[in-house]
Number of protein chains: 2
Amino acid sequence: MFFLKDLPSEAMIRGVTADLPDVSPGHVLSVLSHLRAASVLMRDIEAYLRGHGLSQTQFLAMMMIMREPERTSLSAVEIAARLDISKPVLSKVLASLTDKGLIAPAASQPADRRQKQLSLTPAGKQRFAQVLPGYFQLLHAANL
Amino acid sequence: MFFLKDLPSEAMIRGVTADLPDVSPGHVLSVLSHLRAASVLMRDIEAYLRGHGLSQTQFLAMMMIMREPERTSLSAVEIAARLDISKPVLSKVLASLTDKGLIAPAASQPADRRQKQLSLTPAGKQRFAQVLPGYFQLLHAANL
DNA sequence: TCCATATGGTTAGCATAATAACTATATGTC
DNA sequence: GACATATAGTTATTATGCTAACCATATGGA
């Protein structure tokens, strides 16, 4: 995660986009500022989570499982759809969380034997509870 | 680049942060929405640039060199500072741009032999000019 | 029933990011 | 002048993302 530290000046954008009448330099600069702020925040979040032994994706995968009001488990494709990441990435993330003992196959598996339902272990729930408040405080403190 | 597709509801955030009085659920949700929008835009930008044979970092490194009003070259550390990325990443990015023939060592090298000044080649300037308008149009079209 | 097609998940290979550790060159102080 | 320290850049290692290709299981139509 990264993004430009030195944003282009509005004058520079205006010069480059002079022949693009549908592009407003002020708006483009505002979008760039937001991108910069978002990337800095994501970097901060990743550093915070890494301090707790988790990548952002690992943390969010746990959140997706915890968040289901009616259920205690989810299948891999359900998690991938909610996170908007590719299946292979999720496959690795789930393997890593399993290795850490934070998630495990759910007690009841579905009839469809292609699927694996996954639940948080007690250790997983505890880790998640430890990390969540600081995560929301970081989000709250962001000026975005 | 990615971020949550299904954002948590404000009620869910409120429940989790009930004992954090300094965290406002509405504000947290707004920050999450901005993060989501920023990550989607970055993914779109990366896809656009990849279609032109460049990664985002490669493109931005070229922009940093082009952008200097008084100069036609920059050293690696100057580029890294403006982009806010680590030196090793920049080292690879510059090697890759050199392999593509888009940048080359500048005609005049500084006395300090540790440094390498880098300029855009004619092919580099042409590629940059091809790509830039679409880049700004993507930024302009973003609702961020 | 059987075969084509779809879906869930993993593996393989590539690109890009980070930190740590390295080489080479400059600089500044004794 | 010589040695300690700082700076520019590269290499090694690790983590995380992607697409493409691959198994295994389900499903649906002839």
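Numbers restart at 1 for each chain; the letters A, B, ... are given by sequence-line order, proteins then strands. No experiment lies behind these values; they were computed from the predicted model shown.
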When rounded to the nearest 0.5 angstrom, what is the spacing between CD1 in A/I45 and CG in A/L138?
6.0 Å
Nucleic acid footprint by protein, nucleotides 5-10 of chain C - heavy-atom cut-off 4.0 Å, B for base, S for sugar-phosphate alone
-BBBBB
Give the rounded distance in Å between these two atoms: CZ of B/R50 and P of D/dC18.
10 Å
Measure the distance from CG on A/L83 to P on D/dC18 and round it to the nearest whole Å.
10 Å
N or O in side chain of A/T57 less than 4.0 angstrom from D/dT16 OP1/OP2:
no
Among A/M64, A/Q117, A/Q115, find the one that has a side chain to side chain contact (heavy atoms under 4.5 Å, CB included) with A/E78.
A/Q117
Whole angstrom is fine here: how far is it from CZ in B/R113 over to P in D/dT10?
16 Å
How is B/A111 classified with respect to the nucleic acid when contacts are heavy atoms under 4.0 Å: base, sugar-phosphate, or nothing?
sugar-phosphate
Nearest whole angstrom, please: distance from the P of D/dC18 to the CG of B/L49.
17 Å
When the distance from CZ of B/R43 to C1' of D/dT19 is rounded to whole Å, what number comes out?
14 Å
In whole angstroms, how far is the P atom of C/dA17 from the CD atom of B/Q56?
8 Å
My understanding is that only residues two or more places apart in sequence, or in another chain, count here; which of them pass ring pair (Phe, Tyr, Trp, His ring centres under 6.0 Å) with B/F136?
none
Tell me whether the OP1 or OP2 atom of C/dT16 has a side-chain N or O from B/S55 closer than 4.0 Å.
yes
Residues B/E46 and B/S55: side-chain donor-acceptor under 3.5 angstrom
no
Heavy-atom nearest pair, A/R67 first then B/L7, reads NH1-C, 3.7 Å
Aromatic ring pairing B/H27/A/H140, orientation class (parallel under 30°, perpendicular over 60°, tilted between):
perpendicular
